Amino acid sequence: MPGQILEPGQIEAAANIPPFLHLPEPDLFSHRARRLRSLAANHPLGAYLLLMAELCDAQQKLLDAPPPLPGPDAQSQARSIEHRMPPLGFDALVRSDAWLPALDALLACYRPHGNPSVNAALAGLGEADGGQRKAWAIALLNGQFDLLPAALVPFLGAALQAAFSHWLQALPSERLAENASQTLCPVCGSPPVAGLVRHRGKYAGLRYLCCSLCACEWHYVRVKCSHCESSKHLSYLSLQRDGTAADKAVLRAEACPSCQGYLKQCYLEFDEQADPVADDLASLALDLRLGEEGYLRRAPNLLLAPGSTD
Ligand code: FE
Ligand code: FE
C-alpha cells in the first residue's frame, strides 16, 4: 500500500521474510559443464558425465546467443502473475511452436565426435517434424518416459531447458509471489530436480528448490518433504565418500516415510561449486540405494531417461 507506515513489529517481520526467489546466473550452463567435468574424474559414469558437459556447453551458447524464441507476451505474463499462475506455464508453452527454434539451434551447434548412438539420436531428432518433436517434449515434461525414445531425452531436455531459461531471464520476476502449492516451480510449473541449501549473504542457511526445467530456485523451508509437504520422520541419506562424515556430505537425499519419496539436496557450505543437475547425475548410486530401501524417485532430471545408464 503506497505511503503505508509500518509499525515496529511489522518492520521486523518484513526483515525476516526470506527472499522468495534465487535466480540462476547468466552462465549457469557453463558452470554446470565445469562441475560435470570435475565430477567425471575417476567416476564410473565419467564418459556420460563428459558427454553431458559438452551438451551444457551447447546450452550456454544458446543462452548467450539465442535464436528468435517468441515467448508469452508481457500482457499474458502479467495476467498469469496476477492470478498466481506460473507465467511461463510449461504445459501450454511446450504445445506451442515457441521453443522449437531452440532445438534447431542446439542441433546446429552440438557436434559431439565419435559416438554413434548419440549421432543416431541427434539424427532422429533432426529428421522429426514439429508435431513429433512436440509430442516427445510433452511426454518428457509430463514424466511419461515410455512415450519417447530414451536416447533422445538429454538433447530434447537440453533444448527445452535453454528455451525456458532464456524466457526466465526476461521475466519481471520481482512481481512473483508465493503460490498456495510450493512444491512446483512458480515460474513454469515444473517439479524440482533437487534442493540447494545456500550459504552466503541473505540466502545463508535457506533451502531453495531448483526447477528441473527453467532453473529458477524458490524458497522452501527445510525439513519438509518437497512432494507431500510432511515434516514427520524425514531422514537424510548420503553416499559415504573419502571418510566424509554424513553430516558434512555435499549431497544428501531428504527421504520421506509418509510418501516414500525423496529429493536430493546440495549443501553449498561444503562445496560451493555443487550444481543440482550435475551433482544429481553424478550420484545415481544413491538413487539405487534409495530404490533398494523402497523409496521412489519423483524428481525429473531432463538430461537423463530413467534406467538409460544401466
Ligand atoms: Fe521452472
Ligand atoms: Fe513426502
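Each ligand, and each atom within it, is numbered from 1 in the order the structure gives. All figures in this text were calculated on a predicted structure; none of them were measured in a lab.
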*Could you please spell out the steps behind the side chain to side chain donor-acceptor pair (under 3.5 Å) verdict for Glu269 and His199?*
CA-CA 5 Å; Glu269 70 175 299; His199 70 314; over 6 Å; no

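The Fe ion (ligand 2) does not have His227 among its coordinating residues (no N/O/S atom, backbone or side chain, under 2.8 Å). The nearest N, O or S atom of Cys216 is not closer to the Fe ion (ligand 1) than 2.8 Å.
The angle subtended at the Fe ion (ligand 2) by SG of Cys228 and SG of Cys256 is 100°, given to the nearest 10°. Around the Fe ion (ligand 1), the angle linking Cys211 (SG) with Cys185 (SG) is 110°, rounded to 10 degrees. The Fe ion (ligand 2) forms the vertex of an angle spanning SG of Cys225 and SG of Cys259; to the nearest 10 degrees it equals 110°.
With hydrogens and angles disregarded, no donor-acceptor distance shorter than 3.5 Å links the side chain of Arg252 to the backbone of Gln265. With hydrogens and angles ignored, the 3.5 Å screen pairs no side-chain donor or acceptor of Ser230 with any backbone N or O of Cys225.
Ring planes of Tyr267 and Phe270: tilted class, angle from 30 to 60°.
Between the side chains of Glu254 and Tyr236, at least one donor N or O sits under 3.5 Å from an acceptor N or O.
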